[in-house]
Protein chains: 2
Amino acid sequence: MKKPSRARPRAPIREQQRLDPSERESIIAREAVSFFAEFGFEGQTRELARRLRITQPLLYRYFPSKDALIERVYQEVFVERWKPSWEKIITDRSVPLKTRLIQFYREYAEVILTYEWIRLFMFAGLKDLGLNARYLKMLRERAFEKLIEEIRFEYGRPSTRDLPITVLEIEMVWGLHAAIFYLGVRKFIYSMPLETDVNSIIDAKVMTFLGGIRPVLPAETAT
Amino acid sequence: MKKPSRARPRAPIREQQRLDPSERESIIAREAVSFFAEFGFEGQTRELARRLRITQPLLYRYFPSKDALIERVYQEVFVERWKPSWEKIITDRSVPLKTRLIQFYREYAEVILTYEWIRLFMFAGLKDLGLNARYLKMLRERAFEKLIEEIRFEYGRPSTRDLPITVLEIEMVWGLHAAIFYLGVRKFIYSMPLETDVNSIIDAKVMTFLGGIRPVLPAETAT
DNA sequence: ACTATTATTTATCAAATGATAAACAACTTG
DNA sequence: CAAGTTGTTTATCATTTGATAAATAATAGT
C-alpha cells in the first residue's frame with residue numbers, strides 16, 4: 001500500500017524546460033511523425049504543441065513553417081527508414097534466391113507495415129506532392145529492378161541490361177508489393193485486425209510469386 | 001396530378017438560375033462527390049460553391065451541414081454504386097466458375113477503379129468513420145463468402161455452412177482483392193499511369209487465384 | 001552574483017472557414 | 001398585373017488556424 005502524500009510531488013517529475021535545441025527539435029520531429037500520421041497534414045499546430053506540452057509558437061522557433069515540419073516528417077519516415085542493406089540482401093548470390101526474397105520482403109514489411117509509414121504515405125499520396133511517385137521510383141530502381149535481374153539470372157534468362165524489363169515482369173512485382181502493402185492498409189487505415197501472421201503470408205506470397213513469374217520471363221538466351 | 005409544366009427557358013446558354021430543388025440538390029451532390037474526391041473532406045465549402053457557380057450559403061439550403069453533405073457523398077458512391085446483380089453472377093452455377101469470377105471482378109473493378117471511388121474510400125479510411133469497416137463487411141458477406149462457397153462446391157468440398165470459412169481461404173480472397181484495388185491506388189493516389197490493360201491483369205490474377213486456393217481448401221467431404 | 005544569451009511563453013494578428021439571417025429576385029397563381 | 005412563394009444572393013458572425021513580435025525566465029560565462 002502506498003501512502004498518498006499530496007505534500008510535495010517527489011522526484012523531479014517536474015516538466016523540464018529549456019531543452020537543448022537539437023534535442024527539442026528531434027522531439028518535435030518525432031512527435032510530428034506520430035501526430036500527422038494520425039490526423040493527416042491538416043492536423044493543427046496547436047494540437048501538436050499541446051501533445052508536446054509546449055506552446056504553439058515554439059514550433060516556429062524550430063521550423064519556419066508547418067510545411068517545413070511536414071518536409072521533415074517525410075525525411076524522417078521515407079528516407080531515414082530505408083535500409084541500404086536491403087539492396088545487398090537482394091543481390092547476394094551466395095544465398096538462394098527464394099531465401100533472399102523472403103528475407104528482403106520480411107525486413108521491408110517490418111519497416112513499412114507500421115501505423116506511421118502506411119498512413120503518412122497515403123496522406124502524402126492524396127495530397128500529392130510527387131512524394132509517392134518519387135519514392136516508388138526509388139523503390140523500383142533500388143529493389144525491383146535488381147530483383148528482376150536476379151530472377152532472370154536464376155533462370156538463365158538474358159540480363160535486364162540486354163533485354164529491358166517487360167511490363168508483365170514489373171507488373172508481377174507490383175502485385176507482390178501490393179499484397180504486402182495492402183496488409184498495412186487493412187490494419188492501419190481500415191482498422192481491421194489481421195488474423196494471420198504477417199511473415200507466413202509473406203512467405204506464401206513470395207512462393208506464389210516465384211512460381212508465377214517464370215512463364216512471364218523472356219525466353220532463355222539462345223543466341 | 002401535378003403538372004410540372006416547366007416554362008421553357010429560351011436558349012439555355014444563359015446561366016440558369018432558380019433550379020428545381022430536387023435538381024439542384026442532385027447537382028450539388030454530384031459535384032460534391034468529385035470535389036471531395038479531389039481535395040478530401042477538408043475541402044472548403046466556398047470552393048465547392050464556386051465550382052457549382054452558386055454562392056456558399058446556398059449549400060446550406062440543401063444540406064444542413066457539411067457533414068450531412070459528406071454523408072450524402074458516401075451514399076452516392078458506396079451504396080448506390082453497388083450492383084446487386086454481382087451476387088447473382090457469382091452464384092449462377094449454369095456458368096463455369098472461372099467465367100463467373102472473371103465477370104464479377106471485371107464489373108466490380110469497373111466501378112471501384114475510378115478516381116472518385118478510390119480516393120473517397122481512402123479519405124474515409126484515414127478519417128475513420130467506420131465506413132470502411134462497414135463496407136468491407138458487406139463486401140465480405142455479399143461477395144467473398146458466396147464466392148468461397150462456390151469454390152468449395154466446384155471442388156467438392158464441404159459447404160461453408162457446415163465448415164466455416166478458414167482464415168487462409170479468406171486471406172486468399174483478400175489477396176485477389178488487394179491486387180485489383182492497388183491498381184486504383186497506383187493510378188489515382190500515386191498518379192502512376194497503368195501500363196497494362198486492367199482486364200487482362202484481372203484475368204491473370206483470377207487464374208492464379210484459382211490455382212492457388214485449391215490447396216488451401218478444406219479436405220473433400222469424406223463422411 | 002551579475003550579466004548576457006536564448007529557450008519558452010504571452011499576446012495578437014490576419015486570413016480562412018462553417019454557418020446564419022435578412023434581403024433580393026425569379027417564378028407562380030389568382 | 002398584383003401578390004405570394006421560394007430559390008438565390010448579400011452581409012455578417014464566431015471560431016479556427018498559421019504565423020509573428022514582444023515579454024519572460026532559465027541557463028551559461030565571467
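Every chain is numbered from 1 and lettered A, B, ... according to where its sequence line falls, protein lines coming before strand lines. Note that the structure is a prediction, hence the values are computed from the model and not measured.
Between B:Phe41 atom CZ and C:dG18 atom P there is a gap of 14 Å when expressed in whole angstrom units. Atom CG of B:Asp20 and atom C1' of C:dA26 are 14 Å apart (whole Å). Per the geometry, CZ belonging to B:Arg24 stands 12 Å off P belonging to C:dC27, to the nearest Å. One atom, CD1 of A:Ile28, and another, C1' of C:dT8, lie 11 Å apart when rounded to the nearest Å. Summarising the geometry, the separation between CG on B:Leu59 and P on C:dG18 is reported as 10 Å, rounded to the nearest angstrom. Between A:Leu19 atom CG and C:dT5 atom C1' there is a gap of 17 Å when expressed in whole angstrom units.
Note: B:Trp117 and B:Phe181 have perpendicular aromatic rings, judged against thresholds of 30 and 60 degrees for the angle between ring planes. In this structure, B:Trp174 and B:His177 have perpendicular ring planes: the angle between them is above 60°, well past the 30° mark.
For the salt bridge (charged side-chain N to carboxylate O under 4.0 Å, His left out) test, residues two or more places apart in sequence or in another chain that qualify with A:Arg140 are A:Glu145. In this structure A:Glu87 satisfies the side-chain contact (heavy atoms from CB on, under 4.5 Å) test together with A:Trp82, A:Arg142, A:Lys146, sequence neighbours excluded. Every residue two or more places apart in sequence or in another chain that forms a salt bridge (charged side-chain N to carboxylate O under 4.0 Å, His left out) with B:Glu25 is listed here: B:Arg72. With sequence neighbours left out, the side-chain contact (heavy atoms from CB on, under 4.5 Å) criterion links B:Glu149 to B:Arg93, B:Ser159, B:Thr160, B:Arg161.
How far CD1 of B:Ile180 is from CG of B:Leu113: 7.5 Å, rounded to the nearest 0.5 Å.
Residues in residues 27-42 of chain B take part in these salt bridge (Lys or Arg N to Asp or Glu O under 4.0 Å) pairs, two or more places apart or across chains: B:Glu31-B:Arg51, B:Glu38-B:Arg51. For residues 105-117 of chain B, every residue pair satisfying the salt bridge (Lys or Arg N to Asp or Glu O under 4.0 Å) rule, not counting sequence neighbours, is listed here: B:Arg81-B:Glu116, B:Arg106-B:Asp203. Pairs passing the salt bridge (Lys or Arg N to Asp or Glu O under 4.0 Å) check and including a residue from residues 185-201 of chain B, sequence neighbours excluded, read A:Glu171-B:Arg186. Within the structure, side-chain hydrogen bond (donor to acceptor under 3.5 Å, both in side chains) pairs that include any residue of residues 54-67 of chain A comprise A:Thr45-A:Gln56 (at least two apart or interchain).
Within residues 29-40 of chain B, no residue has a heavy atom under 4.0 Å from DNA chain C. Of all the residues in residues 60-68 of chain B, B:Tyr60, B:Ser65, B:Lys66 reach under 4.0 Å from DNA chain C with at least one non-hydrogen atom.
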What string of B, S and - do you get for nucleotides 9-16 of chain C, 5' to 3', if B is base contact, S is sugar-phosphate-only contact and - is no contact with any protein heavy atom under 4.0 Å? BBBB---S
What does nucleotides 24-30 of chain D look like as a protein-contact string, B for base, S for sugar-phosphate only, - for none, at under 4.0 angstrom between heavy atoms? -BBS---
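The aromatic ring centres of B:Phe121 and B:Phe78 sit less than 6.0 Å apart.
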List the steps and the verdict of ring-ring contact (aromatic ring centres under 6.0 Å, His included) for A:Tyr74 and A:Phe41. CA-CA 11 Å; A:Tyr74 290 147; A:Phe41 302 120; 5.6 Å; yes
